Amino acid sequence: MMKIYNTLNRKKEEFVPIEANKVKMYACGPTVYNYFHIGNARPFVFFDVVRRYFEFRGMEVVYVQNITDIDDKIINKAIEDKSTFQQIAKKYISAFVEDTAKLGIRQPDYQPKASDVIGEIIKLIKQLEKKGYAYEVDGDVYFSVEMFKDYGKLSGKKIDDQKAGARVEANINKRHPADFTLWKKAKAGEPVWKSPWGEGRPGWHSECVVLSQKYLGSETFDIHGGGVDLVFPHHENENAQAEVLSHKPLANYWMHNGFINIEGEKMSKSLDNFFTARDILKEHDAETIRFFFLSKHYRSPIDFNREIMQESETAVKNFYTALKLIKYDASRAKKEYSESLLSKKEEFITAMDDDFNTAKALSVMFDLVKIIKNPKEELEEREITADLLVELGRVLGFFSDLEGKLSNDLGDFSEKLLKIIINLRNQAKIDKNWALSDMIRVELLKEGIQLLDTKDGTKWEIK
RNA sequence: GGCGACAUCGCCAAGUGGUAAGGCAGAGGUCUGCAAAAUCUCCAUCCCCAGUUCGAAUCUGGGUGUCGCCUCCA
C-alpha cells in the first residue's frame with residue numbers, strides 16, 4: 001500500500017488513484033526569467049523520482065509540468081536586458097530544458113506554457129465572474145475569497161486571522177485584502193491580450209488550473225506538487241478557482257517539498273548565496289546533486305554546503321566502485337534475484353511506498369553495495385546483486401549513463417602509450433627510483449588517470 | 001499576531017511502542033617502496049522535565065531551541 005502525505009489533510013494517506021493503475025500528476029514548473037536555482041531543482045528532481053517510481057510500480061503516468069512565461073519578473077527582466085518578454089522567455093525555456101536534461105530529469109509528458117492557453121484562462125475567469133466569484137474593478141479582475149467558504153482549507157489558514165500584524169498589501173480596489181488577481185490590466189509597454197475587461201494579462205494562479213485540467217483531461221486529477229511556499233497562496237488560489245466551478249478539489253493529493261538552505265541560511269539574492277543549477281552542474285555531477293536531494297526526505301528542509309556535496313559525491317562513487325570491482329556489464333543482466341535479494345527489493349519498495357522515503361531507499365542500495373563488494377560471496381550472486389542495484393538505482397534516476405561511467409576506454413593509441421609509460425615507470429620502480437615513479441603517477445593523475453599498484457601488477461582507471 | 005514543521009553519533013540521515021539502519025569522516029588490521037584502491041574490525045540510547053506503558057527516540061503534557069509560511073518565491 002502506498003502512502004502519501006497530503007497537505008490537504010496534513011497526514012499520510014493511502015494513495016488511491018482515480019483510475020486504477022493510472023496516475024495523473026502535475027507539478028509547478030519554472031517562471032522563465034532566469035536560470036533556475038538549486039532550490040527550484042529539488043522539486044524537479046523529486047517529482048521526476050515520483051514519476052519513475054510509479055512507473056516502476058507498474059502504473060501508467062501522465063506527468064504535466066507548466067512553464068510560466070507571463071509574469072512580472074519576466075517583464076522586468078526584459079526591461080533590464082533591453083529585450084522583449086518573448087525573447088527572455090524563449091531564452092530561459094531552452095536553458096531550462098537543457099539544464100533539466102543535464103540533471104537527468106526526464107521530460108514531462110506535457111510541458112505547456114501559460115501563453116498557450118490565454119483564451120482558456122479568459123474563459124475560466126468569465127465563468128467565475130458569471131457565478132459571482134469574481135469581480136472587475138477598472139480593468140482588473142479579482143477572485144472574491146469570501147465567496148468561497150472553503151477558502152484556506154489547503155493551507156490551513158482562516159482569512160480573517162491574517163489581518164493582525166500581517167503584511168497585507170493595501171489595495172483599495174479589493175473587497176477583501178486576500179482577494180487575488182485573476183486578470184491584470186495592462187500597463188504601458190507590457191504584453192497584452194484582448195479580453196472582455198479590456199487589454200491585459202492573466203494573473204498567476206489561473207494558468208495551472210487550465211493547464212492541469214486540459215492536459216490531464218479531467219477536473220480532478222491525482223497529484224499536484226510543488227515547493228512548500230506554493231501552498232499559500234498559489235495552490236490555495238488554484239484550488240479555490242477549480243473547486244468553485246466543479247465543486248470538487250483540483251487534485252486529490254497535494255505534495256510539497258521542503259526548502260533548501262545555503263549553509264544554514266535562506267537562499268536569497270541579497271545574501272549573495274544564490275546558486276543556479278547551471279553553475280552547480282559545472283562543479284558537481286548530476287548524480288551527486290541527485291544524491292544530495294534524495295539523501296533526505298523530500299518534505300524536510302535541506303542544507304546545501306560544500307561538505308555535504310563532497311559527501312554525496314563520495315557516496316555516489318561507491319556505487320560505481322562496486323560495479324567496477326566486478327566489471328559489471330548491464331547487458332548481461334539476468335535479474336534472477338535470490339530470495340534474500342527479493343527481500344531487499346521489498347525493503348526498497350516499502351521505503352518508497354511510505355511517502356517516498358528516498359533516504360531509506362538509498363540505504364538499501366548501500367546494503368547491496370556491501371554484498372557486491374564482498375569477496376566471500378559467489379561472483380554470480382554479486383553480479384545479480386549488481387543487477388538489482390542498477391534496477392533500483394534507475395528508479396531514483398541514477399545510472400543513466402552506466403556504460404560511460406564504467407568504461408575505461410581511452411582509445412587504442414592512447415592505451416598503447418599508457419602501457420609504455422607504465423612499463424617505463426615499472427622499470428623506475430625496479431631501480432628504486434621512487435621520485436620518478438611517483439612523478440609519473442602524479443602527472444597521470446592530473447590527466448585523470450589513476451594508477452593502482454596491485455599484486456597483479458599496475459592497473460589504471462579513468463577517474 | 002495567526003498557522004505549521006523540526007530537534008537521533010564529529011557531520012548528513014532512517015527509524016512513529018519492543019530494545020538505535022545507512023552514508024561521510026575517524027581509529028585499527030591486511031596489502032604496499034610510498035600512495036591509491038580494495039577488504040575486515042571498531043565507533044550513539046535519541047534537546048530537557050514530567051506522565052502513560054511490562055516496555056518510548058517513538059504516545060501525552062509542559063519547557064527550551066531551530067526553521068518555514070502568512071508578500072513575488074521551489
Side-chain angles (χ1 to χ4, degrees), chain A residues 7 10 12 27-31 33 36-47 68 71-73 76 152 155-169 177-178 204 225-234 236 256-261 264-269 277 291-292 294-297 299-303 305 307-318 321-322 324-325 347 351 354 357-367 369-370 373-376 428-430 432-435 437-438 441-442 445 450-455 458-461 463:
Chain A
T7 305
R10 254 138 286 170
K12 276 189 210 171
C28 286
T31 300
Y33 71 106
F36 65 87
H37 56 68
I38 182 73
N40 297 302
R42 165 125 97 151
F44 299 163
V45 169
F46 174 66
F47 288 104
T68 301
D71 182 271
D72 285 346
K73 293 191 290 290
N76 291 338
S155 55
K157 293 183 191 308
K158 298 187 201 83
I159 48 175
D160 292 327
D161 289 346
Q162 303 299 314
K163 289 175 184 170
R167 296 164 284 180
V168 179
E169 67 183 289
W204 177 36
V228 267
D229 55 321
L230 295 182
V231 176
F232 190 89
H234 188 230
E236 188 72 60
H256 298 278
N257 64 274
F259 258 35
I260 288 183
N261 293 316
E265 286 180 307
K266 184 173 172 168
M267 175 164 58
S268 75
K269 282 183 176 158
F291 187 95
F292 160 66
L294 300 183
S295 65
K296 192 157 178 173
H297 188 91
R299 278 187 282 118
S300 305
I302 188 168
D303 196 59
N305 56 61
E307 296 75 52
I308 193 74
M309 293 310 284
Q310 186 52 53
E311 287 176 14
S312 302
E313 189 177 318
T314 313
V316 171
K317 210 174 117 193
N318 238 276
T321 306
K324 277 181 182 172
L325 187 68
E347 216 179 296
D354 183 15
N357 190 340
T358 52
K360 172 78 181 159
L362 285 172
S363 82
V364 175
M365 287 177 64
F366 283 108
D367 290 344
V369 164
K370 207 165 194 172
K373 283 180 170 176
N374 187 350
K376 287 178 194 144
K429 282 175 67 181
I430 291 165
K432 296 199 192 297
N433 186 349
W434 309 128
S437 68
D438 287 354
R441 189 169 63 199
V442 168
L445 189 59
Q450 170 97 59
L451 291 189
L452 311 163
D453 291 329
T454 73
K455 269 183 287 195
T458 303
K459 292 181 178 170
W460 59 274
E461 62 180 42
K463 272 204 96 175

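Remember, predicted model here, so these are calculated numbers, not experimental data. Per chain, numbering begins at 1; letters A, B, ... match sequence-line order. Keep in mind that the numbers below use all heavy atoms, side chains included, and drop hydrogens, waters and symmetry copies.
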Could I get the full list of side chain to side chain donor-acceptor pair (under 3.5 Å) partners for [X], not counting sequence neighbours?
| X | result |
| --- | --- |
| A:Asp367 | A:Lys344 |
| A:Thr31 | none |
| A:Asn257 | none |

Under a 3.5 Å limit on both distances, the Watson-Crick or wobble mate of B:U64 is B:A7
Looking across every strand, which nucleic acid part, if any, lies under 4.0 Å from [X] by heavy atom: base, sugar-phosphate, or nothing?
| X | value |
| --- | --- |
| A:Lys296 | sugar-phosphate |
| A:Thr321 | sugar-phosphate |
| A:His297 | sugar-phosphate |
| A:Leu445 | nothing |

Considering only heavy side-chain atoms of A:Asn357, the closest of B:U39, B:C72, B:A14 is B:A14
Counting side-chain heavy atoms from CB outward, which of B:C73, B:G2, B:U39 is closest to A:Lys157?
B:G2
Between [N] and [M], how far apart are the two [atom1] atoms, rounded to whole Å?
| N | M | atom1 | value |
| --- | --- | --- | --- |
| B:C6 | B:G29 | C1' | 41 Å |
| B:U16 | B:U8 | C1' | 13 Å |
| B:G26 | B:A37 | P | 11 Å |

B/S/- contact track for nucleotides 21-26 of chain B, protein heavy atom under 4.0 Å:
BSBB--
Using a 5.5 Å cut-off between ring centres and planes within 30 degrees, is A:Phe259 stacked on the base of B:A74?
yes
Quick check: any donor-acceptor pair below 3.5 Å linking the side-chain of A:Asp438 to the base of B:G33?
yes
Can you check whether A:Lys73 has a side-chain N or O nearer than 4.0 Å to OP1 or OP2 of B:C72?
no
A:Lys266 vs B:U66: side-chain N/O to OP1/OP2 distance below 4.0 Å:
no
My understanding is that only residues two or more places apart in sequence, or in another chain, count here; which of them pass salt bridge (Lys or Arg N to Asp or Glu O under 4.0 Å) with A:Lys73?
A:Asp71
Would you call the rings of A:Phe291 and A:Phe366 parallel, tilted or perpendicular, taking 30° and 60° as the class edges?
perpendicular
Only counting residues at least two apart or in another chain, list the ones meeting ring pair (Phe, Tyr, Trp, His ring centres under 6.0 Å) with A:Phe47.
none
